[in-house]
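Predicted model, so just to flag it, every value in this text is computed and none were measured. Convention: sequence-line order gives letters A, B, ...; per-chain numbering from 1.
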2 protein chains.
Amino acid sequence: MTQQDWPTQLRERGLRVTRQRLAVLEAVHAQPHRPAESVHSTVAEQLPDITVQSVYTVLHDLSAKDLIRRFDPPGAAACYETRTEDNHHHAICTRCGRIEDVDCVHGEAPCLEAPASLGMSIDVADVVFRGLCAACRQTQAESPASVAA
Amino acid sequence: MTQQDWPTQLRERGLRVTRQRLAVLEAVHAQPHRPAESVHSTVAEQLPDITVQSVYTVLHDLSAKDLIRRFDPPGAAACYETRTEDNHHHAICTRCGRIEDVDCVHGEAPCLEAPASLGMSIDVADVVFRGLCAACRQTQAESPASVAA
DNA sequence: GTTTTTGCAAATGATTTGCATGGAT
DNA sequence: ATCCATGCAAATCATTTGCAAAAAC
């Protein structure tokens, strides 16, 4: 629930306000957890001339300024979200790839407690849950074949 | 601490015993958390004719049979380890990329407790810690430049 | 008017795939 | 002898990079 005044947010971070950046922010905000390719198709509906590379550049720049957050699902393309304030986690359906946000577990930042034995000073912990989403559990019970998007 | 009788393990999973598979298993076991490219250079010392693609294929096949485990560091190449029995986690140094194993936190499988509110049935949780390894904390205090391997 | 961004194109890096030969059983 | 695995080559996918033209300030 950001204030969502993109032009202001962009200026505050020293980025110029462009149609493509606004469109990308809008697309990512409306449908989070999608790869660049997918963001591009959405944005292209309004800006037919935007290239995939530009979307990559925009996503990169917005990430660098923390206007969006990049998430790398294991073995899949990077995806993006506008929820940047809290350190929430993600759940991935192993069947359809669907990604859902997961609020921090245990009430308190749980997995941030790294083992003291470790030779590393830990800054953050990212948790990725894997399982079956409701839809896929349903589908699996019926037809073991075919994976939906 | 697997028994480490690779030939037997391979046969048990229905895989033929080949020099390249043994060499890859050995290399991954000796130096875990390395990308395919790096495994290849090690293996190539003994098997100069092995190709990178074969290493990829072997790593893929061994992963499929759970003889090794694949780990995808966010934004970096996949890496592999022979520790497959327990669901341990990983800590990545944000400076040099070094990866260390992390035994399950909290004594018990901690982050496996997914929020009940979630529409997903969770099978596993993978935790990735990010921070600075001992060496890099040292180096950073002295010279803020240059990243060691 | 100056500097940043975009569009366009090509390059890169990681990984997969197809097919014929060589090797394991 | 059979079937699987490797070597070789090409293809694919995600992403980055270089440069000139267009847009934002």
Among residues at least two apart in sequence or on other chains, which ones pass side chain to side chain contact (heavy atoms under 4.5 Å, CB included) with [X]?
X     : result
A:S41 : none
B:P35 : B:S38, B:A77
B:F71 : B:P73, B:C79, B:H90, B:I92, B:I99, B:V128
B:V43 : B:A23, B:V24, B:A27, B:V39, B:L47, B:I50

Query raised in the report: Between A:Y56 and D:dT16, does any side-chain N or O lie under 4.0 Å from OP1 or OP2?
Result: no

Query raised in the report: Which part of the nucleic acid does B:V17 contact within heavy-atom distance under 4.0 Å: base, sugar-phosphate only, or nothing?
Result: sugar-phosphate

Query raised in the report: Is the shortest distance from a Lys or Arg side-chain nitrogen in A:R83 or A:D103 to a carboxylate oxygen in the other one below 4.0 Å?
Result: yes

**Report entry** A:R19, CZ: over 12 other non-hydrogen atoms inside 6.0 angstrom
**Finding:** no

Query - Covered region of DNA chain C, 5' end to 3' end, by chain A [heavy atoms, under 4.0 Å] - result: C:dT3 to C:dA10

Applying side-chain hydrogen bond (donor to acceptor under 3.5 Å, both in side chains), can you list everything that pairs with [X], at least two apart in sequence or on another chain?
X     : answer
A:T18 : none
A:T94 : none
A:R70 : A:D72

Query - Pairwise side-chain contact, B:R69 with B:N87, heavy-atom cut-off 4.5 Å (strictly under) - result: yes

Query raised in the report: So do the side chains of A:Q9 and A:L25 get within less than 4.5 Å of each other, counting heavy atoms only?
Result: no

Please tabulate the protein-to-nucleotide N/O contacts below 3.5 Å involving nucleotides 1-6 of chain D, giving atom names and distances.
{"from": "D:dC3", "atom 1": "O2", "to": "B:R16", "atom 2": "NH1", "distance (Å)": "3.1"}
{"from": "D:dC4", "atom 1": "O4'", "to": "B:R16", "atom 2": "NH1", "distance (Å)": "3.1"}
{"from": "D:dC4", "atom 1": "O4'", "to": "B:R16", "atom 2": "NH2", "distance (Å)": "3.4"}
{"from": "D:dA5", "atom 1": "OP1", "to": "B:R16", "atom 2": "N", "distance (Å)": "3.4"}
{"from": "D:dA5", "atom 1": "OP1", "to": "B:R21", "atom 2": "NH1", "distance (Å)": "2.7"}
{"from": "D:dA5", "atom 1": "OP1", "to": "B:R21", "atom 2": "NH2", "distance (Å)": "3.0"}
{"from": "D:dA5", "atom 1": "O5'", "to": "B:R21", "atom 2": "NH2", "distance (Å)": "3.1"}
{"from": "D:dT6", "atom 1": "OP1", "to": "B:T18", "atom 2": "OG1", "distance (Å)": "2.9"}
{"from": "D:dT6", "atom 1": "O3'", "to": "B:Q20", "atom 2": "NE2", "distance (Å)": "2.9"}

Requested in this report: Please collect all ring-ring contact (aromatic ring centres under 6.0 Å, His included) contacts where either partner lies in residues 35-66 of chain B, sequence neighbours excluded, each pair once.
Outcome: none

Query raised in the report: What integer distance in Å separates A:R13:CZ from D:dA24:C1'?
Result: 20 Å

Query raised in the report: Do the side chains of B:M120 and A:L132 join up, straight or via other hydrophobic residues, at under 4.5 Å, putting them in one cluster?
Result: no

Query raised in the report: Relative to the 5' end of DNA chain C, which residue comes earlier, B:D72 or A:L47, by the nucleotide with the nearest heavy atom?
Result: A:L47

Query - For DNA chain C, the residues among residues 35-42 of chain B that have a non-hydrogen atom under 4.0 Å from it - result: none

Report summary line: Axis-to-axis angle for the helix from C:dG1-D:dC25 to C:dT25-D:dA1, ends of five pairs each, to 10°, equals 40°

